[in-house]
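Read the numbers this way: they start at 1 and go in the same order the structure lists the ligands and their atoms. Note that the structure is predicted; figures quoted are calculated from it, not measured.
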Amino acid sequence: MFLQSCSACHTYNGEGGRVGPDLTGVRNQPSDALLLHILVPNYEVAPSYQTLSLVTQDGRSLSGWLSAESDSSLTLRTAAGTEETVLRSTLTSMNVSALSLMPDGLEQTMQPGDLTHLIAFLKSAR
Ligand code: HEC
């Protein structure tokens, strides 16, 4: 279940994506907090994961969280796991939202009981 729905974005025990935080340490969080994060990703989004939406002069729009910045450029980590660097001088607009890159409704592809197993799995990391 984790490999199917979560690991494209989350690392767990050293394997997986880097769109969201490494979940190896979440076993310390109570189960109900984990459940809330999974069912309502936008409930609480850490400032560093807030979504920036950029539009450039040549009409490109992209969104993701800020993974690096310099005086001349911004680098976004996108939901696809890629990094995109844009020169500040080419930006025509920039918006910050409190929304998560983590999609709503992940539980809709699960069978009854899967969430319970998934949370037990997340709490079992060593
Ligand atoms: C498209 C990428 C994506 C997918 C797929 C995804 N997540 Fe996330 N997840 C994120 C991002 C980005 C954050 C950080 C922002 C936030 O808190 O919503 C996050 C945050 C979380 C958090 C809070 C972590 C913390 O440190 O408090 C948990 C728990 C979590 N995800 C669990 C899951 C589980 C379980 C799945 C699979 C059912 C999953 N995620 C699927 C991107 C994703």
Proximal atoms of ligand 1 relative to [X] (non-hydrogen, under 4.0 Å):
| X | value |
| --- | --- |
| L101 | 1 (C), 12 (C) |
| C9 | 1 (C), 2 (C), 3 (C), 4 (C), 5 (C), 42 (C), 43 (C) |
| P41 | 18 (O) |
| E44 | 17 (O) |
| M110 | 38 (C) |
| L34 | 29 (C) |
| L118 | 35 (C), 38 (C) |
| P103 | 1 (C), 3 (C), 4 (C) |

Does [X] come within less than 4.0 angstrom of ligand 1, counting non-hydrogen atoms of the residue?
| X | answer |
| --- | --- |
| M1 | no |
| E107 | no |
| A8 | no |

Main chain of H10, side chain of S7: is a donor-acceptor contact present, judged purely on distance under 3.5 Å? no

For the atom pair CD (Q111) and NE2 (H117), what is the distance rounded to the nearest 0.5 Å? 11.0 Å

In terms of hydrophobic clusters joined by side-chain contacts under 4.5 Å, are [X] and [Y] together?
| X | Y | answer |
| --- | --- | --- |
| L62 | L87 | no |
| L36 | L118 | yes |
| L76 | V19 | no |
| Y12 | I38 | yes |
| L99 | V40 | no |

Which protein non-hydrogen atom lies closest to [atom], naming both residue and atom, and how far is it?
| atom | answer |
| --- | --- |
| atom 32 (C) of ligand 1 | L23 CD1, 3.6 Å |
| atom 34 (C) of ligand 1 | C6 SG, 3.4 Å |
| atom 20 (C) of ligand 1 | H10 CE1, 3.7 Å |

Relative to ligand 1, is M102 under 4.0 angstrom through side chain, backbone, both or neither, heavy atoms considered? both

For Q57, does the CD atom sit with more than 12 other heavy atoms under 6.0 Å from it, leaving out its own atoms? yes

Could you check whether atom CE of M1 has more than 12 heavy atoms from other residues, nucleotides or ligands sitting under 6.0 Å from it? yes

What do you reckon, does [X] have a nitrogen or oxygen under 3.5 Å from a nitrogen or oxygen of ligand 1?
| X | result |
| --- | --- |
| Q29 | yes |
| W65 | no |
| S5 | no |

Looking only at side chains, do T85 and T75 share a donor and an acceptor under 3.5 Å apart? yes

Nearest heavy atom to atom 14 (C) of ligand 1 wins, so pick from P21, G17, P47, G16. P21

Could you go step by step and tell me if H37 and Q29 meet the side chain to side chain contact (heavy atoms under 4.5 Å, CB included) rule? CA-CA 11 Å; H37 276 299; Q29 293 190 25; 3.7 Å; yes

